[in-house]
Amino acid sequence: MAVLLKNLLARSPKEEDLVAVAELVRACDVDEHGLADSTLEDLTSYWHQPGFNLATDAWIIVTNKGQVVGFTCVWHSDYEQIFTFVGVHPEYRGRGIGTLLLRLVEERARQHVRNARPGSRVTLCGTVSSLNEQARRLFEREGYTAIRKIWRIEVGANDSRDRAFKVDLDIMSQHLVEATKLYDLDAVYLIREYEVYEKELRAGEKLPICLEDELKVLLAAG
């Protein structure tokens, strides 16, 4: 699939882009589920986590009017479990922006492979809304495999004094990931379904030469 960046710029985000990126993520959430799943505080926390560098681990796509229409980032656990988020504004999908962002992420992830323990299995994973068919096709086209489904459950107690919280439920294992125990609350439950896609990255393996050249040309043109 050709990646066209006509009148668009690909660059690393800066701290002053935080609000615009948060608005983009919110627009993606609303388009897929009717309401936002993340907050400005969530994004701020990700951007300031140890080992994360905006200059090397994140990219945005900006229009010639300054609107942020694409965003991706990559982070890792011991260089072996590498994770990504890819978001494209609903009005700008189908132009190859997601393809470019995912390939930028993979290029960065392959740099992390060099720091992994010899012989360890290194994977790059992305979580995609089950309602976003375009994103699912993108990951599958780029060689990723759907490995599991999760339900993201947000619990908002009717008593405003109680703080709402979120848990991820692995549907196959019925395992709550990093979860506070769910009590029998008189509460509002919001459930969103996601699919987790994975690609194994091997030491010494590179993106195909044609993809590397494409990235260089696109970024230079941006």
Side-chain angles (χ1 to χ4, degrees), residues 1-47 54-55 57-75 83-108 124-144 146 149-152 154 166 190-197 211 214-222:
M1 178 179 179
V3 181
L4 304 176
L5 274 182
K6 185 177 181 180
N7 296 322
L8 297 173
L9 167 69
R11 64 171 174 83
S12 298
K14 302 176 182 178
E15 287 289 341
E16 51 264 36
D17 296 312
L18 180 64
V19 173
V21 173
E23 290 176 352
L24 166 65
V25 175
R26 178 182 176 83
C28 294
D29 287 342
V30 171
D31 179 71
E32 293 164 1
H33 297 284
L35 70 167
D37 181 42
S38 58
T39 65
L40 179 63
E41 290 73 22
D42 292 333
L43 186 61
T44 302
S45 176
Y46 274 115
W47 281 22
L54 276 180
D57 300 329
W59 296 265
I60 57 176
I61 304 295
V62 185
T63 69
N64 53 14
K65 294 183 179 180
Q67 180 186 2
V68 176
V69 297
F71 168 68
T72 191
C73 59
V74 60
W75 65 99
F83 307 93
T84 184
F85 169 84
V86 178
V88 179
H89 194 284
E91 295 179 2
Y92 283 80
R93 291 174 182 171
R95 305 187 185 192
I97 293 174
T99 303
L100 171 61
L101 292 175
L102 189 54
R103 290 177 183 178
L104 287 169
V105 161
E106 185 172 332
E107 184 180 50
R108 175 57 173 158
L124 175 57
C125 293
T127 301
V128 178
S129 168
S130 294
L131 299 177
N132 191 336
E133 183 63 30
Q134 282 182 305
R136 293 168 58 194
R137 288 200 302 267
L138 166 61
F139 274 84
E140 291 168 5
R141 189 175 62 245
E142 293 295 307
Y144 292 74
K149 291 180 182 289
I150 61 173
W151 284 351
R152 183 156 297 157
E154 183 173 351
K166 300 176 185 178
L190 300 175
I191 301 176
R192 304 174 178 88
E193 184 175 278
Y194 294 85
E195 291 195 51
V196 179
Y197 282 86
L211 297 188
E214 183 179 62
L215 288 176
K216 292 176 182 177
V217 170
L218 290 170
L219 293 175

Worksheet entry | Closest approach of Leu24 to His89 (non-hydrogen atoms, all atoms of both residues) | CD1-N, 3.5 Å
Response to the item:
Rounding to 0.5 Å, atoms OG1 (Thr84) and CG (Asp57) come to a distance of 10.5 Å
Worksheet item: Between Arg26 and Glu23, does at least one N-O distance fall below 4.0 Å, as a salt bridge requires?
Response: no
Worksheet item: How about Pro13 and Leu54: do any of their side-chain heavy atoms sit closer than 4.5 Å?
Response: yes
Worksheet entry | Minimal non-hydrogen separation, Leu124 against Glu106, with atom names | CD2-CA, 3.9 Å
Item to complete: Under the side chain to side chain donor-acceptor pair (under 3.5 Å) rule, collect the residues that match up with Glu16, sequence neighbours excluded.
Response: none
Fill in: Donor-acceptor contact present, side-chain Asp31 to main-chain Cys28, <3.5 Å
no
Worksheet, complete the sentence: Cys73 and Val105 have their tightest heavy-atom pair at O-CG2, 4.2 Å
Worksheet item: Is any NZ, NE, NH1 or NH2 atom of the basic residue among Arg93 and Glu32 found under 4.0 Å from an Asp or Glu carboxylate oxygen of the other?
Response: yes
Practice prompt. Given side-chain hydrogen bond (donor to acceptor under 3.5 Å, both in side chains), test Asp42 with Thr39 step by step and report yes or no.
Written response: CA-CA 5 Å; Asp42 292 333; Thr39 65; 3.2 Å; yes
Worksheet item: Does Tyr144 reach the side chain of Glu195, with side-chain heavy atoms less than 4.5 Å apart?
Response: no
Item to complete: Taking all heavy atoms of Trp47 and all of Lys14, pick out the closest pair and write down the distance.
Response: CZ3-O, 3.5 Å
Worksheet item: Within a strict 4.5 Å, meaning less than it, do heavy atoms of the Leu101 and Trp59 side chains meet?
Response: yes
Worksheet item: Taking only residues two or more places apart in sequence, or in another chain, which ones meet His33 in a side chain to side chain donor-acceptor pair (under 3.5 Å)?
Response: Ser129
Worksheet item: Side-chain contact, heavy-atom cut-off 4.5 Å: Leu138 with Arg141?
Response: yes
Item to complete: May I ask you to test the Ile191-Glu193 pair for a side-chain heavy-atom distance under 4.5 Å?
Response: no
Worksheet item: Would you call Ser38 and Leu43 a side-chain contact if the rule is heavy atoms closer than 4.5 Å?
Response: no
Worksheet item: At their closest point, which heavy atom of Leu40 faces which heavy atom of Val19, and how far apart are they?
Response: CD1-CA, 4.3 Å
Worksheet item: Taking the side chain as C-beta and beyond, is there a heavy-atom pair between Asp17 and Phe71 under 4.5 Å?
Response: no
Discussion item. Could you check whether any side-chain heavy atom of Arg137 comes within less than 4.5 Å of a side-chain heavy atom of Glu133, counting everything from C-beta outward?
Written reply: yes
Worksheet item: Got a sec, which residues hit ring pair (Phe, Tyr, Trp, His ring centres under 6.0 Å) with Tyr92, two or more places apart in sequence or on another chain?
Response: none
